[in-house]
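Positions are given from 1 along the sequence.
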Amino acid sequence: MTALAPHLTTYLADHLPRHRNASSHTVATYAHSFTLLVRFAAEQRRCRPADLQVEDLDPDLILAFLDHIEAARQNSISTRNARLAAVRSFFRYIEYKVPACLDQVLRIHALPLKRTEMRLIDAMTVDEVRALLAAPDRHSYCGLRDRAMLHMTYACGLRASELLNMQMSALPPGSTATVRIHGKGRRERVLPLWRETQQALRGWLGARGTTTEPTLFLNRLGEPLSRDGFALMLVKHVRHAARACPSLLSKRITPHVLRHSCAAHTLAATGDIRKVSLWLGHASLQSTEVYLRADPVEKLAILAAHTAPGVKAGRFKPPSDKLLAMLANASNSS
């Protein structure tokens, strides 16, 4: 039997950052995946997490864990597949460290990913975005911060992680004309800001004051704002904006919906999916194609280019009384 703890610690603390050059976000995501897995395995094996063995993480337990997070924790299929990807990565490391577990490694690598549905993205209308951006109070510390965060998220199409991890150094010295964004997969992009976004950002910088904390957006305690804090802030302002725009109540507005809205409106304005991909920082156009499926303008262009076949519409003529009488006689005689 092989103790799990030392191998898992070395994998997360040394192998991923040093040998794989994984980002801190990837390491944190994988660590969270194994936190859930170790807790589940300890309950199933009825032992302490430190007493778990590598052999305890067999394919049956992994499948039970994946079903558990999908059913009990109500995680999406995409999240389930991400957890499985973390497990597979760890067992690729085990493959070279513990040759006795090669058969177990092969069987875990054979576990299939669950297919996901390609659903249409949720996006807000321009009027809904206007109402949301106008919701925060412009005369309070939190209101100025929230207004700047909402403007930045929508105008730049930011992921929540990109916004919350943004540093003061992302802005040019003494200017708010552009912002440097560190995106997913260590991809960087520099985006210009609208005047309205610059005004909102300058308002927040004035309220933020001077502090040694390098993160741009802070909470009341002067600490970096958390993802949960951002989500709760967004829910509060959506409720307030719904007074002016009631259609917001029928939608589930999340930080990522603001990113989707930016992409949808950019595509409608430019008609160029490549510009949308460049603005959002996608690695390939394949990631951006989801917005084409949701854009009705593209469908109308196809409809206009592809004319309907020239088939004349038919007209219904009811049968005459003489024909009905002949049919009735024929049925009686038979």
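- Using cut-offs of 30° and 60° on the angle between ring planes, the pair Y11 and H15 is parallel.
- The aromatic rings of F40 and F65 sit tilted relative to each other, their planes meeting at an angle between 30° and 60°.
- Between the side chains of S76 and T79, at least one donor N or O lies within less than 3.5 Å of an accepting N or O.
- Remark: Q74 CD is loosely packed, at most 12 non-hydrogen atoms of other residues, nucleotides or ligands lying under 6.0 Å away.
- Taking all atoms of both residues into account, the shortest heavy-atom contact from G281 to R159 is O-NH2, 4.3 Å.
- Note: the hydrophobic cluster containing L144 does not contain Y154 (ILVMFWY, side chain heavy atoms under 4.5 Å, direct or indirect links).
- When all heavy atoms of L57 and I62 are compared, the closest pair comes out as O-CG1, 4.1 Å.
- Linking Ile, Leu, Val, Met, Phe, Trp and Tyr residues whenever their side-chain heavy atoms come within less than 4.5 Å places M168 and F217 in a single cluster.
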**OP:** Using the side chain to side chain contact (heavy atoms under 4.5 Å, CB included) rule, take M166 and L171 through it: C-alpha gap first, then chi angles, then the decisive distance, then the call.
**Re:** CA-CA 9 Å; M166 189 175 294; L171 300 171; 5.7 Å; no
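- Nearest heavy atom pair, residue L164 against residue T215, reads O-CG2, 3.5 Å.
- Pairing each heavy atom of A123 with each of A264, the nearest pair is CB-CB, 4.2 Å.
- More than 12 non-hydrogen atoms from other residues, nucleotides or ligands lie less than 6.0 angstrom from CZ of R187.
- Expressed to the nearest 0.5 Å, how far CG of L258 lies from CD1 of I253 amounts to 7.5 Å.
- The structure places OG of S277 at 10.0 Å from CG of D272, a figure rounded to the nearest 0.5 Å.
- At most 12 heavy atoms of other shown residues, nucleotides or ligands fall within 6.0 angstrom of atom NZ in K184.
- When hydrophobic clusters are built by joining Ile, Leu, Val, Met, Phe, Trp and Tyr residues whose side-chain heavy atoms come closer than 4.5 Å, directly or via intermediates, L278 is not grouped with W194.
- L111 and I77 sit in two unconnected hydrophobic clusters of ILVMFWY residues. Membership requires side-chain heavy atoms under 4.5 Å apart, directly or through other members.
- Atom CG of D56 sits about 7.5 Å away from atom CG of D58, to the nearest 0.5 Å.
- The two residues W279 and G157 make their nearest non-hydrogen contact at NE1-N, 4.3 Å.
- The nearest pair of heavy atoms linking V129 to S261 is CG2-CB, 4.4 Å.
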Original post:
Taking it one step at a time, do H237 and L132 satisfy side chain to side chain contact (heavy atoms under 4.5 Å, CB included)?
Top reply: CA-CA 7 Å; H237 292 309; L132 179 59; 4.0 Å; yes
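- At least one side-chain heavy atom of V38 sits under 4.5 Å from a side-chain heavy atom of L8.
- When only modelled atom types and interatomic distance are considered, H7 and Y93 share no side-chain donor-acceptor pair under 3.5 Å.
- Looking at D137 and R147, no side-chain N of the basic residue comes within less than 4.0 Å of a carboxylate O on the acidic one, giving no salt bridge.
- Residue R180 qualifies as open at atom CZ: its count of foreign heavy atoms under 6.0 Å is 12 or below.
- T125 places a side-chain heavy atom less than 4.5 Å from the side chain of K251.
- With hydrogens and angles left out, the side-chain atoms of S169 and Q167 include no donor and acceptor closer than 3.5 Å.
- How far OG1 of T153 is from CZ of R259: 10.5 Å, rounded to the nearest 0.5 Å.
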Subject >> Test log, rule side chain to side chain contact (heavy atoms under 4.5 Å, CB included), inputs L61 and L37 >> reply: CA-CA 9 Å; L61 184 137; L37 176 59; 4.0 Å; yes
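- Distance check, rounded to the nearest 0.5 Å: CG of L102 to OH of Y96 gives 10.0 Å.
- Note that CZ of R208 and OH of Y141 are 7.5 Å apart. Values are rounded to the nearest 0.5 Å.
- Linking ILVMFWY residues whenever their side-chain heavy atoms come closer than 4.5 Å, directly or via other members, leaves L232 and L133 in distinct clusters.
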Subject >> Steps toward side chain to side chain contact (heavy atoms under 4.5 Å, CB included) verdict (C156, E162) >> reply: CA-CA 10 Å; C156 301; E162 294 172 346; over 6 Å; no
